[in-house]
Amino acid sequence: MKSYQITEWCHESFRIHAKSGGVYIDATMGNGNDTLFLCRMAGETGRVKAFDIQQQALDATQELLERNGLRQRAELLLESHTNMGLYERKETVDGIFFNFGYLPGGDHSLATKPENSLRAILEGLELLKKDGVMSLCIYSGGDTGFEERDSILEMLKNLDSRKYVVILSTYYNRENNPPIPVLVIKK
């Protein structure tokens with residue numbers, strides 16, 4: 001059996017639920033791996049918007065997409081994920097990716113914050129189409145990571161089960177607060 005890393009688990013789970021050629025958002029661009037995945041999912045007919053507030057993230061993502069010949073498939077925005085609703089209309093998005101925490105290899109003092117993350121998730125849920133999927137990878141630790149993790153999990157637990165299916169997974173036998181992958185599917 002293949003040993004999955006968190007990113008691969010999220011990508012495979014997303015692929016099962018999202019249709020190819022859709023409209024996707026990478027809410028937290030980071031180093032561009034999810035944006036690259038979404039560009040491949042989008043194909044020639046879909047589109048991708050990727051958000052981050054750090055120029056370093058945008059530059060890394062742009063370079064990764066250029067190396068893979070997919071730069072034209074994504075609009076990269078130096079913008080907070082809390083403003084996704086300014087760029088897409090409600091119920092028009094097939095899938096959204098989130099990674100919470102800080103930019104790998106970046107400044108650890110610049111990390112997602114609980115209040116902004118909750119706002120962005122709720123905004124994203126409004127943007128999702130029926131049967132749309134949201135992938136959340138919750139990294140904890142650091143100054144606000146545990147507070148953010150707990151806030152997100154509490155909010156997800158209380159989503160209306162008539163409107164959303166929330167699938168939470170865990171690396172049950174790993175120590176040191178492993179990341180928590182979550183899928184939310186809009187009914």
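The residues of the chain are indexed from 1 along the displayed sequence.
Not counting sequence neighbours, the partners of Asn83 by the side chain to side chain donor-acceptor pair (under 3.5 Å) test are Glu79. Judged as a side chain to side chain contact (heavy atoms under 4.5 Å, CB included), and not counting sequence neighbours, the contacts of Asn158 are Glu154. Residues satisfying the side chain to side chain contact (heavy atoms under 4.5 Å, CB included) criterion with Thr82, sequence neighbours excluded, are Ser80, Asn116, Arg119, Ala120.
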I'd like a table of donor-acceptor pairs (distance under 3.5 Å, sequence neighbours excluded) in which one partner is a side-chain atom from residues 37-45, with atom names and distances.
residue: Arg40; atom: NH2; partner: Asn68; partner atom: OD1; Å: 3.1
residue: Glu44; atom: OE2; partner: Arg73; partner atom: NH2; Å: 2.7

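Between Thr92 and Val23 the shortest heavy-atom distance is O-CB, 3.6 Å. Asp52 approaches Gln54 most closely through the heavy-atom pair OD1-N, 3.1 Å. Residues Ile25 and Met84 come closest through the heavy atom pair CG2-SD, 3.5 Å. The minimum heavy-atom distance linking Val133 with Ala18 is given by the pair CG1-CB, 3.8 Å. Here the closest heavy-atom approach between residue Lys186 and residue Leu125 is recorded as NZ-O, 2.9 Å. Nearest approach of Tyr139 to Asn99, heavy atoms of both residues: CE1-OD1, 3.7 Å.
The distance from atom CD1 of Ile152 to atom CG of Leu136, rounded to the nearest 0.5 Å, is 6.5 Å. Note that the SG atom of Cys137 and the CG atom of Asp34 stand 8.5 Å from one another [nearest 0.5 Å].
Hydrophobic clustering (side-chain heavy atoms under 4.5 Å, transitive across Ile, Leu, Val, Met, Phe, Trp, Tyr) keeps Ile16 apart from Tyr24.
Between the side chains of Asp26 and His81, no donor-acceptor pair is found at a separation under 3.5 Å.
Applying the salt bridge (Lys or Arg N to Asp or Glu O under 4.0 Å) test to pairs two or more places apart or on separate chains, those with a residue in residues 155-165 are Asp160-Arg162. Screening residues 39-80 for ring-ring contact (aromatic ring centres under 6.0 Å, His included), with sequence neighbours left out, gives Phe51-Tyr87.
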